[in-house]
Number of protein chains: 2
Amino acid sequence: MKIYEVFKKETEYALRGLVYIQLQNLNELRPGIAEIASEVETPPHFMAKILQRMVRMGFLESAKGKNGGYSIHPAQGTLSLKKVVSAIEGNNLFEGCGFGLKACDENHPCPLHNSYAPIRDAINKLMEEETIQKLAGTGKEELIFALNRKS
Amino acid sequence: MKIYEVFKKETEYALRGLVYIQLQNLNELRPGIAEIASEVETPPHFMAKILQRMVRMGFLESAKGKNGGYSIHPAQGTLSLKKVVSAIEGNNLFEGCGFGLKACDENHPCPLHNSYAPIRDAINKLMEEETIQKLAGTGKEELIFALNRKS
DNA sequence: TTTTAAATGGACAAAAAGGTCCATTAGTCA
DNA sequence: TGACTAATGGACCTTTTTGTCCATTTAAAA
């Protein structure tokens with residue numbers, strides 16, 4: 001019986017990585033894969049793959065060679081969680097019925113549709129308002145602690 | 001890039017199957033695997049496996065042989081979605097931080113914890129209040145239609 | 001009691017997610 | 001330029017989830 005999580009591992013690791021990178025960028029630093037994976041406690045090779053994808057998606061910039069590493073792409077001055085999540089997982093979380101009980105829309109709502117709608121709206125709001133920058137901006141030490149802490 | 005869904009297939013199929021069974025039980029009928037799988041459009045052998053598990057978990061009763069089939073277990077007069085979901089997927093959806101950003105509790109909340117808490121509470125409420133019986137009780141045809149309809 | 005209908009259980013297969021490894025490429029610095 | 005450093009990309013592996021098949025068991029009906 002698998003433990004349920006809202007996000008896929010890939011998404012979770014991506015978010016943690018992005019926040020850590022942003023945090024280091026604030027100090028003019030460009031962390032590399034080894035450092036990032038170690039600090040946010042993810043499998044390093046897997047994190048490498050994920051960061052590559054973030055680069056391709058335009059969320060990150062990367063620099064090779066000595067003193068290389070990652071930084072948040074300048075064009076992503078405010079990078080909402082929704083952007084990241086929907087880029088990786090698609091946007092069914094934000095648009096779908098949420099219960100997967102077959103196709104259902106405003107015209108043909110499934111029995112759960114109307115009860116779920118406000119929840120979906122709240123998720124949308126939260127994920128649109130919350131950004132990587134905000135997460136990296138408040139209470140840094142506690143944040144990293146929270147990101148790092150083992151269960 | 002996989003399409004995100006709130007539930008695992010197993011859970012989704014289980015819920016659809018349970019609702020259909022309850023609906024038939026209201027007419028003193030005990031549907032069998034073939035009928036159930038066909039009506040709620042799930043892979044029949046996979047549905048068989050899932051219904052077996054529902055029996056073992058005490059949600060269903062089964063009868064072998066001619067005119068056999070499944071019925072909601074008498075002890076489950078009101079069977080909440082939460083009971084079913086948590087039996088299959090565990091209850092992280094109902095208790096966890098929801099964002100999987102590492103361990104986080106009331107004392108050491110992660111940065112998203114407090115914004116997500118009301119959403120988690122709303123999910124809990126919905127899933128506790130909604131039952132298989134309620135879903136099978138209102139607007140039967142439309143319900144089955146919704147359960148059946150292709151996207 | 002024989003036939004028939006149905007669930008059961010276990011083995012197996014396919015696809016997706018999660019994770020690892022390594023050779024290559026592209027920079028930096030001495 | 002040569003040595004070093006770090007990201008890149010592709011191949012590969014493992015685990016979980018999803019799905020299939022079939023022989024067996026159990027019960028009802030003829």
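Here the structure is a predicted model, which is why all the values come from computation and not from measurement. Each chain gets a letter, A, B and so on, in the order the sequences are listed, and its residues count up from 1.
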Under 3.5 Å, is there a donor-acceptor pair between the B:E35 and B:Y20 side chains? yes

Not counting sequence neighbours, which residues clear salt bridge (charged side-chain N to carboxylate O under 4.0 Å, His left out) with A:R30? List them please. none

Heavy atoms only, 4.0 Å cut-off, all strands: where does A:A63 land among base, sugar-phosphate and nothing? sugar-phosphate

Please write out each protein N/O paired with an N/O of nucleotides 13-15 of chain D under 3.5 Å, distance rounded to 0.1 Å.
none

Nearest atoms (heavy-atom pairs only) where A:I88 meets A:A14: CD1-CB, 3.7 Å

Taking CD1 from B:I33 and C1' from C:dG9, how many angstroms apart are they, rounded to a whole number? 12 Å

Might you list the N or O atoms of the protein lying below 3.5 Å from N or O atoms in nucleotides 12-15 of chain C, with each pair's distance?
none

Note: B:E129-B:K125 ion pair, threshold 4.0 Å (strictly below): yes

Rounded to the Å, how far apart are B:M47 CE and C:dA7 P? 12 Å

Does some side-chain heavy atom of A:L51 sit less than 4.5 Å from a side-chain heavy atom of A:I21? yes

When the distance from NZ of A:K8 to P of C:dA16 is rounded to whole Å, what number comes out? 11 Å

Measuring from atom CD1 of B:I123 to atom NZ of B:K82, what distance do you get when rounded to the nearest 0.5 angstrom? 10.5 Å

Tell me whether the side-chain N/O atoms of A:S62 come closer than 4.0 Å to OP1 or OP2 in D:dT8. yes

Do the side-chain N or O atoms of A:Q52 get closer than 4.0 angstrom to the phosphate oxygens (OP1, OP2) of D:dG9? yes

Distances for protein N/O vs nucleotides 27-30 of chain C N/O pairs under 3.5 angstrom?
residue : atom : partner : partner atom : Å
C:dC29  : OP1  : A:N67   : ND2          : 3.1

Could you check B:I36 against A:F46 and say which one's nearest nucleotide on DNA chain C is further toward the 5' end? B:I36

Is the side chain of B:E61 donor-acceptor paired with the backbone N or O of B:P74 at a distance under 3.5 Å, no angle test? no

Spell out, as yes or no, whether a donor-acceptor pair under 3.5 Å connects the side chain of A:Q76 to the backbone of A:G58. yes

Could you work out how much the helix from C:dT1-D:dA30 to C:dA30-D:dT1 bends, comparing the axis of its first five pairs with that of its last five, to 10°? 0°

Looking only at D:dT18, C:dC21, C:dG19, the nucleotide nearest the B:E10 side chain is D:dT18

Which pairs count as ring pair (Phe, Tyr, Trp, His ring centres under 6.0 Å) when at least one residue sits in residues 33-55 of chain B, sequence neighbours excluded? B:Y13-B:F46

B:T78 and B:Q133 have their tightest heavy-atom pair at CA-OE1, 3.4 Å

How many whole angstroms separate atom CD of B:E61 from atom P of C:dA6? 18 Å

So, under a plain 3.5 Å distance rule, would you say the side chain of A:K49 forms a donor-acceptor pair with the base of C:dG18? no

Length of the line joining A:I50:CD1 and C:dT20:P, which is rounded to integer Å: 11 Å

Closest non-hydrogen contact found for B:I36 with B:G17 is CG2-CA, 4.1 Å

Nearest heavy atoms of A:N25 and A:Y70, plus distance in Å: ND2-O, 3.6 Å

Close side-chain approach of B:T131 to B:L79, heavy-atom, < 4.5 Å: no

Need one value for A:R53: base, sugar-phosphate or nothing, where a base atom within 4.0 Å counts as base even if backbone is also close, heavy atoms only. nothing

Are A:Y13 and C:dG19 close enough that a side-chain N or O sits under 4.0 Å from OP1 or OP2? yes

So if I take every side-chain heavy atom of B:K9 and compare against C:dA7, C:dG19, D:dG19, which nucleotide ends up nearest? D:dG19

Between B:A136 and B:Q22, the two heavy atoms sitting closest are CB-CG, 3.4 Å

State which of D:dT8, C:dA7, D:dT20 makes the closest approach to the side chain of B:P43. D:dT20

